[in-house]
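Shown next, in structure tokens, is the structure this report addresses.
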Amino acid sequence: MNYWLFKSEPDEFGIDDLAACKRERWDGIRNYQARNLLRDQVAVGDQVLIYHSSCKKVGVAGVARVVAAAYPDPLQFDPDSQYFDPKSSPDNPRWISVDITFVEKFPNVLPLARIKAAPLLADMVLVKQGRLSIQPVQPDEWQVILEMVRQFG
DNA sequence: GCCAACGTTGGC
DNA sequence: GCCAACGTTGGC
């Protein structure tokens, strides 16, 4: 089983929305590095940190679990969607979705500033390559994050 | 709102 | 295939 971090803007879709709907298609990913991870590595049963970006409380907000592995993102075929891609086709889809389900909402969002300040998390992709929207998380990093949440919350 | 970092596009 | 121009992300 692998660990991941998915970014979302809580104004669009955050941990509370996930808790309310229980299961959600993670769509609209339009970055090749993130796409490749979704397509090749994200598997059913993997665990996911839900990260809130571009908002007041930037940081890790909770946990989700993967319930459906890679399949074509339907929005790429929808001309009315902002994620429509005219260069993609059902025969050869370019963009990938997975489904996740709600697991846990943290009592408090673990702030990015705390993550950046933690020596044990200095090698996190979040710290080193902040812009990637689907990121691998190492098992030891996962443990450190959850321990920090326990102390912070 | 600013701006640094980084990804994508397109001319050559 | 290089690289300049441009667009986007996302923290602050």
Side-chain angles (χ1 to χ4, degrees), chain A residues 2-21 24-42 46-64 66 70-100 102-138 140-142 144-153:
Chain A
N2 287 314
Y3 297 105
W4 306 97
L5 181 147
F6 289 7
K7 284 190 192 174
S8 71
E9 300 190 13
D11 291 345
E12 301 284 330
F13 186 90
I15 192 73
D16 290 327
D17 301 296
L18 183 63
C21 76
E24 176 73 5
R25 186 179 66 225
W26 209 255
D27 53 25
I29 299 297
R30 295 294 180 270
N31 167 283
Y32 287 105
Q33 209 176 338
R35 188 279 311 268
N36 292 346
L37 291 171
L38 287 178
R39 186 188 58 195
D40 304 331
Q41 296 191 47
V42 176
D46 286 358
Q47 293 200 265
V48 179
L49 295 173
I50 299 298
Y51 176 87
H52 285 175
S53 68
S54 300
C55 61
K56 279 189 179 174
K57 292 183 177 177
V58 170
V60 180
V63 177
V66 177
Y71 62 94
D73 180 348
L75 298 183
Q76 68 195 308
F77 308 126
D78 177 3
D80 294 328
S81 169
Q82 62 167 315
Y83 297 110
F84 177 64
D85 184 347
K87 294 175 183 171
S88 187
S89 70
D91 290 344
N92 189 18
R94 178 177 294 192
W95 305 112
I96 293 297
S97 285
V98 301
D99 290 352
I100 63 172
F102 176 78
V103 173
E104 178 187 3
K105 177 187 177 182
F106 296 153
N108 295 294
V109 172
L110 182 66
L112 175 61
R114 290 208 163 214
I115 293 172
K116 283 183 171 173
L120 289 172
L121 301 179
D123 290 332
M124 271 194 84
V125 177
L126 186 65
V127 175
K128 291 195 147 181
Q129 192 186 347
R131 289 184 49 175
L132 190 59
S133 57
I134 303 286
Q135 308 181 357
V137 174
Q138 299 309 122
D140 60 320
E141 294 167 346
W142 181 276
V144 171
I145 293 272
L146 290 195
E147 182 61 27
M148 288 175 75
V149 166
R150 211 174 306 150
Q151 290 171 8
F152 189 68

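Here is the naming used below: chain letters follow the sequence lines, and residue numbers restart at 1 for every chain.
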Inset, instruction - Find the distance between CG (L110(A)) and CD1 (I145(A)) and round it off to the nearest 0.5 Å. - result: 5.5 Å

Legend entry - Separation of I115(A) CD1 from E141(A) CD (nearest 0.5 Å): 10.0 Å

Inset, instruction - Please work out which residues in residues 122-134 of chain A have a non-hydrogen atom less than 4.0 Å from an atom of DNA chain B and list them by number. - result: Q129(A), R131(A)

Legend entry - Partner of D73(A) under salt bridge (charged side-chain N to carboxylate O under 4.0 Å, His left out), chosen from R35(A), R94(A), R30(A): R30(A)

Legend entry - 5' to 3' contact window, DNA chain C with chain A (heavy-atom distance under 4.0 Å): dG7(C) to dC12(C)

Legend entry - the helix from dG1(B)-dC12(C) to dC12(B)-dG1(C): angle between end helix axes, five pairs per end, rounded to 10 degrees: 10°

Legend entry - Between Y32(A) and W95(A), ring centroids under 6.0 Å: yes

Inset, instruction - Please confirm whether F6(A) and W26(A) have ring centers closer than 6.0 angstrom. - result: yes

Inset, instruction - Could you tell me whether K56(A) contacts a base, only the sugar-phosphate backbone, or nothing, with contacts defined as non-hydrogen atoms closer than 4.0 Å? - result: nothing

Inset, instruction - Among residues two or more places apart or on two chains, list those pairs meeting side chain to side chain donor-acceptor pair (under 3.5 Å) that have a residue in residues 46-60 of chain A. - result: W4(A)-D46(A)

Legend entry - Side-chain heavy atoms of V144(A) within contact of M124(A), under 4.5 Å: no

Inset, instruction - Could I get the full list of side chain to side chain contact (heavy atoms under 4.5 Å, CB included) partners for A34(A), not counting sequence neighbours? - result: I29(A), N31(A), L132(A), S133(A), I134(A)

Legend entry - Considering all heavy atoms, the nearest L121(A)-M148(A) contact: CD1-SD, 3.7 Å

Inset, instruction - Report the residues that fulfil side chain to side chain donor-acceptor pair (under 3.5 Å) with D140(A), sequence neighbours left out, ordered by chain and then residue number. - result: none

